[in-house]
Amino acid sequence: MQYWDVRILTASYARENVVIELYGRTREEKSIVIRYEGFRPYFYLVDPPKSILDDLKKDGNVLKLEDCTLFVDGEDKKCVKVAIKEPWTVPEYRNELGRDCRVLAADIPFAQRFIYDLDLNSCVRVFGERIEGDYTTDLVVRADKFEECEPFKPSLKILSFDLENSIKNGTIYTICCAIKFKEKRFIERLSGNERDIIQDFVKVVQKYDPDVITGYNIDGYDIPTIIERSKQCGIRNLPFGRDFTQLRNVGGRFWRLHGRIIADAWWNVKREVKPKQETLNYVAKILLGERKEDVDPTKIDEEWKKDRDKVISYCLKDAELALHILEKIAVLNKSMDLATVSKLPVDDVINGRTSTLIDSILIREADRNKIGVPQTKHVRKREKIIGGYVHTIEPGLYHWVCVLDFKSMYPSVIISNNICFTTISDKGKVVSPTGIRFLDKGERLGLLPQILERLMNDRENVKRKRAESKDDDEIRYYDGLQNAIKTLMNAFYGVFASSFYRFTNPEIGGSITAFARENIKNVIDELENEDLTVIYGDTDSVFFSSPYDNLNDTINFGKEKGERFSKGGIVLEFEKVLEPFFSHGKKKRYVGNVVWPKKEMLVRGYEIRRTDAFDLQSDALNMVFKEIMKCDLDKAVKVAREMTTDVANGKVPIEKLVISRSCKSYNFYKNPDTQANVQAARKREKMGYEFVPGMKVSWIVTDGKKSPQIVEPFISGKAFEHKPDYNYYARRIAMTLARITEVSNWDEKSLLAGVQQSTLFGKDRSRSKKKERIKKTDKKLTLEDFM
DNA sequence: TGCCCTCGGGG
DNA sequence: GTGTACGAGGGCA
């Protein structure tokens, strides 16, 4: 019998004959679809009444009823396994039977059920034979059996596309594609009749047969546009799938396709990079050092009329940029690692939720241990559990700050306290700070602690292999893998500690965070007992000043503390040194210069999203941060003041005051009259400029005192003929800066924080004097001081 | 402090 | 498709 090693990319099923279809790429880098017949859906009923069983026995769609015992709600219970013919009828059964009986595991997608039951990994060796079939793939295989195989990462074929269409009437002008497979690259430029463009695009997808389709904001724009326009042109069918089926919209936001992964570059950049601005141009600049071509997309109709070739070239460039961005952030590579450790098709990792990852691990384990799999509870309002402990932070500038992190705090807590949905019990001897009881390990070892311990060991093993390896590729491989395991472990606590999930409840999540709070508070107490000033702490990290004012001694000091406070399975890791470190006394807001292990500026909680603000705001903030990081608080405050006065006096380039936002059609809004973007759009129209719903409009505030505020549209390249409300802008700037400088008078406490350290060891008097000075000059610095 | 509304990306 | 879907920021009570 022939066999193929396959990396699974997507999993689905065909209704006809109920055939499971696994799409992927082989070790030889051929595209493949694996068909498997004979697998049928099933679920469980907990101790069903006889009447239900009688009905099921008479039901022609029911294939089999089988008695079994499952561990449910803390005890073994009599259950019945119900196998039925068609996966798409399961929801009906679930709802119907759910009225009189507890139903288990009836909400697991069919293809996943299959993967779990055959315990398939992300890569499998499939035995079977080649057959004919209506697919775009190189190979169509009828599978007989699966075996394990070494994971591998084949090259994937990626197609990136972009379209340009009329703002006025929506007509698609062009679709351009950039395709990449191994070292080969292709491009396609489609233009002409709209109907032809769309149909040619379908042919291009079928011809190149990509594993991955990408582009920038294709989920939210290009894909819906193509579907919408195809309807306008009377195209009935868009067979983009590897089985010639159509795109399916999931949850209003995402798209799925049989055999191909839709990986929107925008979403992935958002997730992986969190850029402060998300436009393609900005992201291309920061990631690739490239920019878009010189076409104004807000005037696409004129541009098209003027120079078609230029617009087509612009369109192709955008497709290429999206492709390069996706490659740059290496999401496919990382996703393959995460798919390997969570044993899932790559698609589920890229487009699925974290609970999908956890399900994959946990449901298999539950099945093996005859533990009932509850269904996801649909709760409207989610009951919030108390989160991590956040230590209060005194305002001030601190020096040589050591940051220590609890290594895998939540997993450690779960393991050491045997926290699990299988161990929660009134009879338990482990009592959480919230009073919830869990059986101890001797009585019943929890599933969750078991899995997490295994993952932790796996990660250590991979790390060891990485350390032993001499080969660069191998080192990279192991590094990706250990990172993926870390991500997976974090996903566990994410799901268990903070939200509803099929296997947990707020009591369990609340217990986990309560234990964690207890841990960190204990460490803070112990550190303080050693006369160390703990500056800050959040969930699993503590910040304290080193008594030394140089890097080497500080590093040794931090290491020593980390080692000493690691005990009982909880490890405190020395993570970084900050010099200096500043906070104005608000939790979760601070700035620091990381000087070890690598140099970078760390800003938390102060970031401004450019789209929500005008340029001057972030400019001002950055300038002030720069001074603070130079330890010149005087200068920082001075800069802040000057900036505000300049704005109040109108000494500022007008473009720095422009606020932009998109505007939908007016009647879309609840009360359009109060919205600045609507006001700007209306005035823009009155001035004789075009406004199309969805367009981005720019404006400047001319009277911020009125409610709603008065704004005037700003048209780039044209002189602004109104007077900006400089006081309004000065106030906004002051408000932004006051977030940092409104340290109520750099009070004694804030000074002490630094002074103590320096005088204690008789060093660095200059620095404390500098602080004294600030204390004298800035009694209280508030909004009024700026005005 | 907490709830409600809006937006981002794209043309 | 045996299914679930963001997250930050501003305004306002």
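In what follows, chains are A, B, ... by sequence order, proteins preceding strands, each numbered from 1. Keep in mind it's a predicted model, so treat the numbers as computed, not measured.
When heavy atoms are screened at a 4.0 angstrom cut-off, A:Tyr42 is found touching base atoms of the nucleic acid. Residue A:Ile218 is classed as having no contact, given no heavy-atom separation below 4.0 Å to the nucleic acid. Counting any heavy atom pair closer than 4.0 Å across all strands shown, A:Arg248 reaches a base atom. Nucleic acid contact for A:Lys299: none, since no nucleic acid atom lies under 4.0 Å from a heavy atom of the residue. Residue contacts shown for A:Tyr216 are limited to sugar-phosphate atoms, with no base heavy atom under 4.0 Å away. Here A:Leu163 lies in heavy-atom contact (under 4.0 Å) with sugar-phosphate atoms only. Among the protein residues, A:Asp264 comes within range of no part of the nucleic acid, since none of its heavy atoms lies under 4.0 Å from any strand. Residue-level contact check: A:Ile108 touches the bases, meaning some heavy atom is under 4.0 Å from a base atom. When heavy atoms are screened at a 4.0 angstrom cut-off, A:Pro91 is found touching the sugar-phosphate backbone but no base atom. Within the 4.0 angstrom heavy-atom criterion, no nucleotide atom of any strand lies near A:Asp222. In this structure, A:Arg113 reaches the bases: a heavy-atom distance under 4.0 Å links it to at least one base atom across the strands shown. Across all strands, A:Arg15 comes closer than 4.0 Å to base atoms (heavy-atom distances).
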Side-chain polar contacts of residues 83-90 of chain A - donor-acceptor pairs under 3.5 angstrom, sequence neighbours left out - could you list them?
residue	atom	partner	partner atom	Å
A:Thr89	OG1	A:Glu86	O	2.8

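Atom-to-atom, NZ of A:Lys270 to P of C:dG9 comes out at 11 Å; the value is rounded to the nearest Å. For the pair A:Asp219 CG and C:dT4 P, the computed distance is 20 Å after rounding to whole Å. For A:Lys664 and B:dG11, the NZ to P distance is 18 Å, given to the nearest whole Å. Atom-to-atom, CZ of A:Phe691 to C1' of B:dG11 comes out at 13 Å; the value is rounded to the nearest Å. If you take CD of A:Gln675 and P of B:dC4, they are 17 Å apart, rounded to a whole angstrom. In this entry the distance linking OH of A:Tyr221 with P of B:dG11 reads 7 Å, nearest Å. Going from atom CD1 of A:Ile286 over to atom P of B:dG9 covers 12 Å, rounded to whole Å. Taking atom CD1 of residue A:Ile167 and atom P of nucleotide B:dG10, one finds them 12 Å apart after rounding to whole Å.
Considering CG of A:Leu316 and SG of A:Cys176, their distance stands at 5.0 Å, rounded to 0.5 Å.
Dashed line: the shortest gap from a side-chain N or O of A:Ser662 to OP1 or OP2 of B:dG8 is under 4.0 Å. Contact annotation: A:Asn677 side-chain N/O to B:dT6 OP1/OP2 distance is not under 4.0 Å. Look at A:Gln375 and you won't find any side-chain N or O under 4.0 angstrom from OP1 or OP2 of C:dT2. Using a 4.0 Å cut-off, no side-chain N or O of A:Tyr501 falls inside it from OP1 or OP2 of C:dT4. Close to B:dG11, at under 4.0 Å from its OP1 or OP2, lies a side-chain N or O of A:Lys292.
Candidate nucleotides B:dG9, C:dT4, C:dT2 were compared by shortest atom distance to the side chain of A:Asn217, and B:dG9 ranks first. When the nucleotides C:dT4, B:dG8, B:dG10 are ranked by their closest atom to the side chain of A:Arg353, C:dT4 comes out on top. Nearest to the side-chain atoms of A:Arg661 among the listed nucleotides B:dG10, C:dT2, B:dC7 stands B:dC7.
Checked against the 6.0 Å centroid threshold, A:Tyr216 and A:Tyr221 do not count as a close aromatic pair. Here A:Tyr13 and A:Phe39 keep their ring centres 6.0 angstrom or further from each other.
DNA chain B is contacted by both A:Asp318 and A:Trp267; A:Trp267 maps to the nucleotide lying nearer its 5′ end (nearest heavy atom per residue).
Taking atom P in both B:dG11 and C:dC6, one finds a spacing of 25 Å when rounded to whole Å.
A salt bridge links A:Glu194 with A:Arg229; the closest basic N to acidic carboxylate O contact falls under 4.0 Å.
With A:Phe614 as reference, A:Tyr729 is the one residue of A:Tyr728, A:Tyr729, A:Phe714 to meet the ring pair (Phe, Tyr, Trp, His ring centres under 6.0 Å) rule.
A cation-pi arrangement is absent between A:Arg260 and A:Tyr23 under the rule of less than 6.0 angstrom and at most 45 degrees off the ring axis.
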